Number of protein chains: 2
Amino acid sequence: MTTRWLTPKEQRAWRAFMAAKILLEDAIDRQLQQDAGMPHLYYGILANLSEEPGHKLRMTDLAEKSKITRSRLTYAVTRLEKDGLIRREDCAWDKRSSFAILTDEGMAVLERTAPGHVETVRAAVFDQLSDEQVEQLETIGSAIARALEGGETPRPTSDEVPWRRRSSPCSGP
Amino acid sequence: MTTRWLTPKEQRAWRAFMAAKILLEDAIDRQLQQDAGMPHLYYGILANLSEEPGHKLRMTDLAEKSKITRSRLTYAVTRLEKDGLIRREDCAWDKRSSFAILTDEGMAVLERTAPGHVETVRAAVFDQLSDEQVEQLETIGSAIARALEGGETPRPTSDEVPWRRRSSPCSGP
DNA sequence: CAGCCTTGGTTAAAGTTTGAAACAAACCTA
DNA sequence: TAGGTTTGTTTCAAACTTTAACCAAGGCTG
């Protein structure tokens, strides 16, 4: 089956999306590194904990909620634990599990840095979008996420395809 | 000035966007690592070169086009050079500059792996979206990118803000 | 042209991410 | 209940990223 290349319109959308994603993550990382001394991912981990009853979550659940691998979470929690923002606690009823718990200091950091973070996001994203576009963004984002969360991206059966010049081999950077 | 927190609607949009971004990048990285033996970023670098006349670009321009730091690019190009997919060449008229040039082998890798990559992107993104939504995605992405490319995210003058419970401190993970 | 700022690119060290493998506890099942 | 599998988590090495220097070549200004 011959490759369904991206149309010019799709290419434009893809590039715009990728550019937004990269620039946005860079900007947020810079801002949070400045103000909170941690990258966005780590901030997100704290934020995720802060939403839970008791400010605690099992490692696996926290990894899933943060959409990262367990291994990556282990490293992050170790670092945040060193900083005193999280502490671990063994699970009583399942000795394999352990909890990550937001400390008071961790909560304080969150409280102190949340306004700046929200302001950055707002300036870059929501100040730029109409009410309607915010809805569209949610719909589109959800559609993409849904496609990826379920079916584990059934890897396409790659096959030979003649090269077409004058049309970039990439669907985007 | 008191923080302009995200509305529930904005929160939903933000979370959906973040989830899509993370899951998508993970899926693409996995696929490309499998089929091309390199992460998405490196593939993008090759792709960016392939679009240029002569398949060459000065390091700085390539970094800018790829939206990464020069340092990061140096590392990536060194790796890709080791793999024989790129070679460097000094610039004749400005002895500070050097070019990164896509080799024939690099081009071949691109040709071989592009179909699989496009298929992955299509399955996760464009197969999920209506024609209208593709347009919306471009518009929204461009708006965000524009906001970030120009004004260098004027860092908000952080100030004290009373903590509001029962509403997560995060604008998203 | 000498001093000084800018530009293009690399390097080194510290930090982070990945992917596979290791471990141990919990859960079957015959 | 022994043996095998699954589940929760960590560990380790290799790959990648970041940040802050660093160096050399170009440009500019007096």
Side-chain angles (χ1 to χ4, degrees), chain A residues 21-23 25-34 36-46 56-83 85-101 152, chain B residues 21-23 25-46 56-83 85-101:
Chain A
K21 159 192 106 89
I22 295 180
L23 294 169
E25 197 58 27
D26 279 5
I28 294 177
D29 268 338
R30 249 197 319 283
Q31 186 267 318
L32 280 175
Q33 194 67 58
Q34 272 287 319
M38 67 183 79
H40 188 199
L41 177 71
Y42 290 37
Y43 178 91
I45 290 171
L46 297 185
K56 68 196 301 191
L57 216 45
R58 282 185 343 156
M59 290 294 280
T60 293
D61 297 333
L62 182 52
E64 175 152 15
K65 182 164 184 177
S66 305
K67 302 199 186 309
I68 60 179
T69 61
R70 298 194 286 297
S71 153
R72 193 175 177 183
L73 180 64
T74 293
Y75 180 90
V77 167
T78 302
R79 197 265 229 193
L80 291 169
E81 198 175 25
K82 245 170 230 150
D83 296 348
L85 309 184
I86 279 184
R87 68 190 164 74
R88 288 178 215 249
E89 194 170 283
D90 289 345
C91 175
W93 63 89
D94 184 342
K95 294 198 177 150
R96 292 168 303 180
S97 307
S98 63
F99 285 99
I101 309 179
E152 270 320 294
Chain B
K21 158 191 106 89
I22 296 180
L23 294 169
E25 198 55 30
D26 279 5
I28 293 177
D29 268 337
R30 249 195 320 284
Q31 187 266 319
L32 280 176
Q33 195 67 59
Q34 273 286 322
D35 295 359
M38 67 184 81
H40 188 200
L41 177 71
Y42 290 40
Y43 178 91
I45 290 171
L46 297 186
K56 68 196 301 193
L57 216 44
R58 285 185 341 158
M59 290 294 281
T60 293
D61 297 333
L62 182 52
E64 175 152 14
K65 183 164 183 177
S66 305
K67 301 199 187 313
I68 61 179
T69 61
R70 298 200 289 308
S71 154
R72 196 176 176 182
L73 180 63
T74 293
Y75 180 88
V77 167
T78 302
R79 196 266 227 194
L80 291 169
E81 198 175 25
K82 242 170 234 151
D83 296 348
L85 309 184
I86 279 184
R87 69 190 163 79
R88 288 181 218 248
E89 192 170 285
D90 289 346
C91 174
W93 62 87
D94 182 343
K95 294 196 178 152
R96 292 169 303 180
S97 305
S98 63
F99 286 99
I101 309 180

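First the proteins, then the strands, lettered A, B, ... as listed; each starts at 1. What you see is a predicted model; the values in this text were computed from it and never measured.
The separation between R72(A) atom CZ and dT10(D) atom C1' is 17 Å, rounded to whole Å. Rounding to whole angstrom units, CD1 of residue I45(B) and P of dT17(D) are separated by 8 Å. As a whole-Å value, the separation of R96(B) CZ from dC5(C) C1' is 12 Å. Q33(B) places its CD atom 11 Å from the P atom of dT18(C), with the value rounded to the nearest Å. Rounded to whole Å, the distance from CG on L62(A) to C1' on dG8(D) is 13 Å. With rounding to whole Å, W93(B) atom CH2 is found 18 Å from dA25(D) atom P. With rounding to whole Å, L80(B) atom CG is found 13 Å from dA15(D) atom C1'. Atom CD of E25(A) and atom P of dT17(D) are 14 Å apart (whole Å).
Residue contacts shown for S71(A) include a base, since a base heavy atom lies under 4.0 Å away. In this structure, T69(B) reaches neither bases nor backbone, as no heavy-atom distance under 4.0 Å exists between it and the strands shown. Among the atoms of the strands shown, only primed sugar atoms or phosphate atoms (P, OP1, OP2) are found under 4.0 Å from some heavy atom of S98(B). As judged by a 4.0 angstrom heavy-atom cut-off over every strand, T60(A) is placed among residues touching the sugar-phosphate backbone only. If you check every strand for non-hydrogen atoms under 4.0 Å, D29(B) touches nothing.
In this structure, of dT10(D), dT17(D), dG8(D), it is dT17(D) that holds the atom nearest to the side chain of Y75(B). Distances were taken from every side-chain heavy atom of D94(B) (C-beta onward) to each of dG26(D), dT10(C), dT16(C); the shortest belongs to dG26(D). Side-chain atoms of Y42(B) lie closest to dC16(D) of the nucleotides dC16(D), dG8(C), dG8(D). Looking at the side chain of L41(B), the nearest of the listed nucleotides dG19(C), dT17(D), dG26(D) is dT17(D).
R88(A) has a side-chain polar atom (N or O) that falls below the 4.0 Å cut-off from OP1 or OP2 of dT10(D). Within the structure, a side-chain polar atom (N or O) of R79(B) is placed less than 4.0 Å from OP1 or OP2 of dC16(D). The side chain of R70(B) contributes no N or O atom lying less than 4.0 Å from OP1 or OP2 of dT10(C).
The CG atom of D61(B) sits 12.5 Å away from the NZ atom of K56(B) when rounded to the nearest 0.5 Å. The CG atom of D29(B) sits 10.5 Å away from atom OH of Y42(B), with the distance rounded to the nearest 0.5 Å. L73(A) contributes atom CG, which lies 4.5 Å from atom CD1 of I68(A) (distance to the nearest 0.5 angstrom).
For the pair M38(B) and L85(B), the minimum side-chain heavy-atom distance is below 4.5 Å.
Taking the charged nitrogens against the carboxylate oxygens, D83(A) and R79(A) do have a contact shorter than 4.0 Å, which makes a salt bridge.
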